[in-house]
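Below you'll find the structure, written out as C-alpha cells, and then a few comments.
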Amino acid sequence: METTNMINSRKAIREYKGQMRDWQLDSILKAGYAGPVGMGEYENYRFTVIQDQSVLSKMNGIYDAPTVIVISVKDPGQMEFISTGCIAQNMALEAENQRVGANLNMACLGSIPEGVIPEGFTPTFAITLGLTDYEFSPRAISLKRFKTNFVK
C-alpha cells in the first residue's frame, strides 16, 4: 500500500474477529524492531507479546483483543516515551498493511498482571491486535485539523 494512502487509512480498531497468523505477528514485530530508539539504546527496551487468554482476561481496555504487544523500557523518560510511541505507530501501520486491526493503547498498562513484564522494565505503550472485517481505505484529512504556526 502506498505510504500516504496507508497513513490516511489508519483507524483505531476496537472490535476483533480472531487471532492473526504467526507470519502476520512476525511482520508486525519486525516493523516495531525498525522503530527509532533514542541514543540507540535498544538493550533498554523489551516487547512482551501477550496471547494467553488467562492474562488477557485480567487486562482492562483491550476490547477483547486476542493479542496485546506491550513495549517496556528500563527507567523511562521523555525520550523513551517518544521512542515507544514511534515503535507502536510502526507496528500499527504494518498491522494495517497485513489487514490486521490495531489500536494504540496506553489505558491497559496499569492492568497488566504482575510477573508478565520482565523485572526492571516499565510498560510505556501497548498495541492491541486481531483480525478485523474493517475495510481500510483512505479518508480525507483536513489541512485545518491542527492549528499550525509557521516560522519562516
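All of these numbers come straight from a predicted model, not from anything done at the bench.
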Open item on the list: side chain to side chain contact (heavy atoms under 4.5 Å, CB included) for Thr67 and Gln19? Distances and angles first, verdict last.
Closed with: CA-CA 7 Å; Thr67 298; Gln19 186 63 271; 2.5 Å; yes
TODO: Give the intermediate values and the outcome of side chain to side chain contact (heavy atoms under 4.5 Å, CB included) for residues Val100 and Ile28.
DONE: CA-CA 9 Å; Val100 171; Ile28 292 164; 4.3 Å; yes
Task: Worked verdict on Ile13 versus Lys11 for side chain to side chain contact (heavy atoms under 4.5 Å, CB included) - done: CA-CA 6 Å; Ile13 302 298; Lys11 177 177 176 33; 4.3 Å; yes
TODO: Could you go through the side chain to side chain contact (heavy atoms under 4.5 Å, CB included) check for Gln89 and Ile127 one step at a time?
DONE: CA-CA 9 Å; Gln89 180 69 358; Ile127 181 170; over 6 Å; no
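Looking at every heavy atom in both residues, Ser9 comes nearest to Glu96 through CB-OE2, 2.9 Å. Of all heavy-atom pairs between Ile62 and Cys108, the closest is CG2-CB, 3.6 Å. Considering every non-hydrogen atom in both Gly32 and Ile87, the closest pair reads O-CG2, 3.6 Å. Nearest heavy-atom pair across Tyr16 and Thr128 is OH-OG1, 2.7 Å. Between Pro36 and Ser83, the shortest heavy-atom distance links the atoms O-CB, 3.5 Å. Looking at every heavy atom in both residues, Glu15 comes nearest to Thr132 through O-OG1, 3.9 Å.
Asp133 CG to Lys17 NZ: the interatomic distance, rounded to the nearest 0.5 Å, is 5.0 Å. Taking OG1 of Thr84 as the reference point, atom CG of Leu104 lies at 10.5 Å (rounded to 0.5 Å). Here the straight-line distance linking atom CD1 of Ile117 with atom OG1 of Thr122 works out to 9.5 Å at 0.5 Å rounding. Once rounded to the nearest 0.5 Å, the distance linking CD of Glu119 with NZ of Lys74 reads 10.5 Å. In this structure, the separation between CD1 on Ile7 and CG on Leu93 is 6.5 Å, given to the nearest 0.5 Å. Here the CG-CZ distance, from Asn8 to Phe136, works out to 13.5 Å after rounding to the nearest 0.5 Å.
Ile71 has its side chain out of reach of Arg46: every pair of non-hydrogen atoms, C-beta onward, lies at least 4.5 Å apart. In this structure, the side chains of Val116 and Ile50 come closer than 4.5 Å at one or more pairs of heavy atoms. Using a 4.5 Å heavy-atom threshold, the side chains of Thr124 and Ser72 count as separate. The side-chain heavy atoms of Ile112 and Val55, taken from C-beta on, include no pair separated by under 4.5 Å. You'll find the side chain of Pro138 stays beyond 4.5 Å of the side chain of Met6, heavy atoms only. In this structure the side chain of Asp26 never reaches within 4.5 angstrom of the side chain of Lys30, judged on heavy atoms. For the pair Asn103 and Tyr63, the minimum side-chain heavy-atom distance is below 4.5 Å. When side chains are defined from C-beta on, Phe125 does not count as touching Leu109, because their heavy atoms never get closer than 4.5 Å.
Side-chain atoms of Glu80 never come within 3.5 Å of backbone atoms of Val73 as a donor-acceptor pair (strictly under, hydrogens ignored). Within the 3.5 Å criterion, the main-chain N or O of Met91 finds no donor-acceptor partner in the side chain of Glu94. Judged purely by atom type and a 3.5 angstrom limit, Ser111 uses its side chain to pair as donor or acceptor with the backbone of Asn60. Without hydrogens or angle criteria, Glu2 side chain to Asn5 main chain gives a donor-acceptor distance under 3.5 Å. Distance alone, capped at 3.5 Å, is enough to place a donor-acceptor pair between the Asn105 side chain and the Gly61 backbone. A donor-acceptor contact shorter than 3.5 Å links the side chain of Thr148 to the backbone of Phe146.
Side-chain contacts under 4.5 Å among hydrophobic residues (ILVMFWY), followed directly or transitively, place Met39 together with Met79.
For Asp64, the CG atom is loosely surrounded, since the number of other residues' heavy atoms within 6.0 Å does not exceed 12. More than 12 heavy atoms of other residues, nucleotides or ligands sit less than 6.0 Å from atom CD1 of Ile141. Shown here is Arg139, whose CZ atom has more than 12 heavy atoms of other residues, nucleotides or ligands within 6.0 Å. Glu43 CD: more than 12 foreign heavy atoms inside a 6.0 Å radius.
Applying the ring pair (Phe, Tyr, Trp, His ring centres under 6.0 Å) test to pairs two or more places apart or on separate chains, those with a residue in residues 28-59 are Tyr33-Phe47.
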